[in-house]
**Q** 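Sharing a structure, written as structure tokens. Questions coming.
We count residues from 1, following the sequence as given.
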Amino acid sequence: MVLSMDRWVGKVAIVTGASSGIGAAIAYALVEKGLTVLGIARGAERIEERAKQLSDKKGKLHAIKADFSKEEDILKTFKWAKDNLEPVHILVNNAGRGAKANLTEGETRQWKKVFNLNVLGLSIATREAVKVMKENKINGHIIHMNSIAGHQVLNFEVPSVYSASKFAVTALTETLRQELNQQGLKIKVTSVSPGLVESEMTNLHPNLTPEMKAVYEKMPILQSEDIADGVVYALSTPEHVQVHELTIKPIGEKV
Ligand SMILES: NC(=O)c1ccc[n+]([C@@H]2O[C@H](COP(=O)([O-])OP(=O)(O)OC[C@H]3O[C@@H](n4cnc5c(N)ncnc54)[C@H](OP(=O)(O)O)[C@@H]3O)[C@@H](O)[C@H]2O)c1
Ligand SMILES: *[C@@H]1O[C@H](CO)[C@@H](O)[C@H](O)[C@H]1NC(C)=O
């Protein structure tokens, strides 16, 4: 067994969308492993609450209020991290969203929200993290929270641009891998693609319609912790091993 989180102990990780669901589980797992985690969300109060509960753990959780669909917020966050913490070693681009806006009648404004966060926010944060890693000669790790919807169009979801935005994440993962290779950098990039996960994006959404609730109840589902386990696995591999794509489905998933 060569898996180990030892080299990350005491290092800084940025986790976006850390206030709920998958991001909260990842932040928790990394703090337990002894990392200093900078958790990002628009509603950062929820991260502050969790930080208090984690005060007896090996690592530490900081909360930052930021909207990662906005470039100025992303730049401010990296500036804060630079001024206040050790250099960033890990970036988990987890914040993501869908929209109720189909392609035939949906609003452009809603489509933009999805691309601004899932594609542009992820790309801007990645660029800023790579900059820090290069400056400090860090063999860091960038993790993109993708989805099975980033590899196939699922026909049970609200038809929208969500799947297209996740297909972009699949392409951005491989493009980044190639770019890092061309520059001889040993920064890793991993796409994690979950199937259905219990979260506020899915069956725990506060505005869930009875119809969607019934759909979700029939489907096998993962817990956020299952995805956090996958992230810890990818991070634990030896320096020469890159988990490029990690697909995690609940057993029995139909799609
Ligand atoms: N749940 C699933 O079945 C599933 C499956 C495959 C992939 N995924 C992906 O997994 C990731 C996490 O989803 P989840 O299911 O854990 O959803 P969730 O419970 O709704 O959590 C989303 C998180 O992102 C934050 N967020 C949303 N918009 C943001 C913004 N503009 N700037 C900063 N943070 C923002 C939210 O906090 P605030 O609202 O306070 O900002 C929250 O912390 C997403 O990328 C999603 O596409 C989910
Ligand atoms: C597409 O969106 C419009 C406007 O929101 C809505 O009225 C319509 O029912 C939707 N169509 C489908 C197939 O979801």
**Q** Give a yes-or-no answer on whether the side chains of Glu245 and Thr247 include a donor-acceptor pair shorter than 3.5 Å.
**A**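 There is such a pair (donor and acceptor under 3.5 Å, judged by atom type) between the side chains of Glu245 and Thr247.
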**Q** Side chains of Pro194 and Met145, heavy atoms from C-beta outward: is any pair under 4.5 Å?
**A**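 Yes; the side chains approach each other to less than 4.5 Å.
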**Q** Evaluate the side-chain proximity of Met5 to Tyr233: yes if any heavy-atom separation is below 4.5 Å, no if none is.
**A**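 No; the side chains remain at least 4.5 Å from each other.
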**Q** Please table the atom pairs, donor to acceptor, closer than 3.5 Å between any side-chain atom in residues 31-51 and protein atoms at least two apart or in another chain.
**A**
unit_1 : atom_1 : unit_2 : atom_2 : d
Arg46  : NH1    : Glu200 : OE1    : 3.3
Arg46  : NH2    : Glu200 : OE2    : 2.6
Glu49  : OE2    : Lys52  : NZ     : 3.1

**Q** Output side-chain donor-acceptor pairs under 3.5 Å for residues 8-18, partner residues at least two apart or in another chain, one line each.
**A**
unit_1 : atom_1 : unit_2 : atom_2 : d
Trp8   : NE1    : Leu235 : O      : 2.8
Thr16  : OG1    : Val92  : O      : 3.4
Thr16  : OG1    : Asn94  : N      : 2.9
Thr16  : OG1    : Ala95  : N      : 2.8

**Q** Nearest heavy-atom pair of Val255 and Gln152: which atoms, and what distance?
**A**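 Distance-wise, the nearest heavy atoms are C-OE1, 4.1 Å.
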**Q** With hydrophobic residues grouped by side-chain heavy-atom distances under 4.5 Å, do Ile22 and Val189 end up in a single group?
**A**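 Per the 4.5 Å side-chain linkage, Ile22 and Val189 are not co-clustered.
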**Q** Is there a continuous path of hydrophobic side-chain contacts, each under 4.5 Å between heavy atoms, that joins Val130 to Leu85?
**A**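 Yes, Val130 and Leu85 fall within the same hydrophobic cluster.
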**Q** Any chance you could measure Glu128, atom CD, to Ile74, atom CD1, to the nearest 0.5 Å?
**A**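 So the gap between those two atoms works out to 8.5 Å.
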**Q** Is there a side-chain contact (heavy atoms from CB on, under 4.5 Å) between Leu204 and Ser199 once you walk through the steps?
**A** CA-CA 5 Å; Leu204 302 181; Ser199 83; 5.6 Å; no
**Q** Once rounded to the nearest 0.5 Å, what's the spacing between atom CD1 of Ile187 and atom CG of Leu176?
**A**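 Ile187 atom CD1 to Leu176 atom CG measures 8.0 Å (nearest 0.5 Å).
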**Q** For the residue pair Val114 and Arg97, what are the closest heavy atoms and their distance?
**A**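 Taking every non-hydrogen atom into account, CG1-O, 3.7 Å.
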**Q** Can you name the side chain to side chain contact (heavy atoms under 4.5 Å, CB included) partners of Pro250, sequence neighbours left out?
**A**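 In terms of side chain to side chain contact (heavy atoms under 4.5 Å, CB included), with neighbours along the sequence ignored, Pro250 is linked to Pro220, Leu222, Glu253.
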**Q** Considering non-hydrogen atoms only, spot the tightest contact between Trp111 and Gly106 and give its length.
**A**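 The pair with the smallest heavy-atom distance is CZ2-O, 3.8 Å.
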**Q** Do Asn116 and Lys70 come close enough that some side-chain heavy atom pair is under 4.5 Å?
**A**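 Contact flag for Asn116/Lys70 side chains = no.
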**Q** Checking salt bridge (Lys or Arg N to Asp or Glu O under 4.0 Å) for the pair Arg109/Glu107: CA distance, chi angles, key distance, verdict?
**A** CA-CA 5 Å; Arg109 194 169 59 90; Glu107 287 176 6; 3.0 Å; yes
**Q** Decide salt bridge (Lys or Arg N to Asp or Glu O under 4.0 Å) for Lys213 and Glu217; before the verdict, give the C-alpha distance in whole Å, the side-chain angles of both, and the deciding distance to 0.1 Å.
**A** CA-CA 6 Å; Lys213 198 170 189 301; Glu217 270 168 9; 3.5 Å; yes
**Q** Taking only residues two or more places apart in sequence, or in another chain, which ones meet Lys254 in a side-chain hydrogen bond (donor to acceptor under 3.5 Å, both in side chains)?
**A**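 None.
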**Q** Do you know the tightest heavy-atom contact between Val197 and Ser224?
**A**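 Heavy atoms of Val197 and Ser224 come nearest at CG1-N, 3.7 Å.
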**Q** More than 12 heavy atoms of other residues, nucleotides or ligands under 6.0 Å from NZ of Lys249: is that the case?
**A**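 Count over threshold, so yes.
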**Q** Can you list every side chain to side chain donor-acceptor pair (under 3.5 Å) pair that touches residues 176-187, not counting sequence neighbours?
**A**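 Sorted result for residues 176-187: Lys134-Gln183, Glu174-Arg177, Glu174-Gln178.
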**Q** Tell me whether Ile248 is reachable from Ile26 by hopping between hydrophobic residues (I, L, V, M, F, W, Y) whose side-chain heavy atoms are closer than 4.5 Å.
**A**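 Ile26 and Ile248: one cluster.
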**Q** Please give me the minimum heavy-atom distance between Ala129 and Leu91, naming the atom from each residue.
**A**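 Here Ala129 and Leu91 meet closest at CB-CD2, 3.8 Å.
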**Q** Does Leu172 form a side-chain contact (heavy atoms from CB on, under 4.5 Å) with Ser123? I'd like the steps, not just the answer.
**A** CA-CA 8 Å; Leu172 290 165; Ser123 298; 3.6 Å; yes
**Q** Looking at residues at least two apart in the chain, or sitting in another chain, which of them share a side-chain hydrogen bond (donor to acceptor under 3.5 Å, both in side chains) with Glu71?
**A**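 Testing Glu71 for side-chain hydrogen bond (donor to acceptor under 3.5 Å, both in side chains), a comparison that skips the adjacent residues, returns Arg127.
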**Q** Can you tell me if Lys113 has over 12 outside heavy atoms packed within less than 6.0 Å of its NZ?
**A**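 Correct, the count exceeds 12.
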**Q** Among the clusters formed by ILVMFWY side chains lying less than 4.5 Å apart, do Val132 and Leu122 turn up in the same one?
**A**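 Unlinked, Val132 and Leu122 end up in two clusters.
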**Q** With Tyr216, which residues qualify under side chain to side chain contact (heavy atoms under 4.5 Å, CB included), at least two apart?
**A**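 With neighbours one apart ignored, the set is Phe156, Leu196, Thr202, Asn203, Leu208, Met212, Met219.
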**Q** With sequence neighbours excluded, tell me which residues meet side-chain hydrogen bond (donor to acceptor under 3.5 Å, both in side chains) with Lys188.
**A**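 Partners of Lys188 under the side-chain hydrogen bond (donor to acceptor under 3.5 Å, both in side chains) test: Thr237.
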**Q** Hey, what do you get for CG (Asn102) to OG (Ser160), rounding to the nearest 0.5 Å?
**A**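 Going from CG on Asn102 over to OG on Ser160, the span is 7.5 Å.
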**Q** Taking the side chain as everything from C-beta on, heavy atoms only, tell me whether Asp73 gets closer than 4.5 Å to Lys65.
**A**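 Contact flag for Asp73/Lys65 side chains = no.
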**Q** Does Lys79 have any side chain to side chain contact (heavy atoms under 4.5 Å, CB included) partners at least two apart in sequence or in another chain, and if so, which?
**A**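 Applying side chain to side chain contact (heavy atoms under 4.5 Å, CB included) to Lys79 gives Asp83.
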**Q** Using the side chain to side chain contact (heavy atoms under 4.5 Å, CB included) criterion, which residues pair with Pro238? Sequence neighbours excluded.
**A**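 Residues passing side chain to side chain contact (heavy atoms under 4.5 Å, CB included) with Pro238: Val2, His240, Val241.
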**Q** If I take atom CD1 from residue Ile124 and atom CD from residue Glu72, how far apart are they, to the nearest 0.5 angstrom?
**A**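 It is 9.0 Å, given to the nearest 0.5 Å.
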**Q** Could you tell me whether Leu103 atom CG has more than 12 heavy atoms of other residues or ligands within 6.0 Å of it?
**A**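 Yes - once you tally the heavy atoms of other residues, nucleotides and ligands closer than 6.0 Å, there are more than 12.
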**Q** Find the distance between CZ (Phe115) and OG1 (Thr108) and round it off to the nearest 0.5 Å.
**A**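 Separation between the atoms: 12.0 Å.
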**Q** Please determine whether residues Ile90 and Leu246 belong to a single hydrophobic cluster, defined as Ile, Leu, Val, Met, Phe, Trp and Tyr linked transitively by side-chain heavy-atom distances below 4.5 Å.
**A**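 They do share one cluster, since a chain of ILVMFWY contacts under 4.5 Å joins Ile90 to Leu246.
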**Q** If I compare all heavy atoms of Gly98 with all of Tyr162, which pair ends up nearest, and what's the gap?
**A**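 Shortest heavy-atom contact: CA-CD1, 3.8 Å.
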**Q** Can you tell me how far OG1 of Thr126 sits from CD1 of Ile143, rounded to the nearest 0.5 angstrom?
**A**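 So the gap between those two atoms works out to 11.0 Å.
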**Q** Going by the side chain to side chain donor-acceptor pair (under 3.5 Å) test, which pairs reach into residues 136-150, not counting sequence neighbours?
**A**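 Matches after skipping sequence neighbours: Asn93-His144, Asn139-Glu239, His141-Thr190, Asn146-Thr170, Asn146-Ser191.
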**Q** Do the side chain of Asp226 and the main chain of Gln223 share a donor and acceptor less than 3.5 angstrom apart?
**A**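 Checking the backbone N and O of Gln223 against the side chain of Asp226, a donor-acceptor pair under 3.5 Å is found.
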**Q** Could you work out, with side-chain hydrogen bond (donor to acceptor under 3.5 Å, both in side chains) as the rule, every residue matching Thr175, not counting sequence neighbours?
**A**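 Scan of Thr175 (side-chain hydrogen bond (donor to acceptor under 3.5 Å, both in side chains), adjacent residues dropped) gives none.
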**Q** A side-chain contact here means heavy atoms from C-beta on lying under 4.5 Å apart; do Thr77 and Phe68 qualify?
**A**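 Counting from C-beta outward, Thr77 and Phe68 do come under 4.5 Å.
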**Q** Are Ser69 and Leu120 side-chain neighbours, meaning at least one heavy-atom pair lies under 4.5 Å?
**A**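 The answer is no; the side chains never approach within 4.5 Å.
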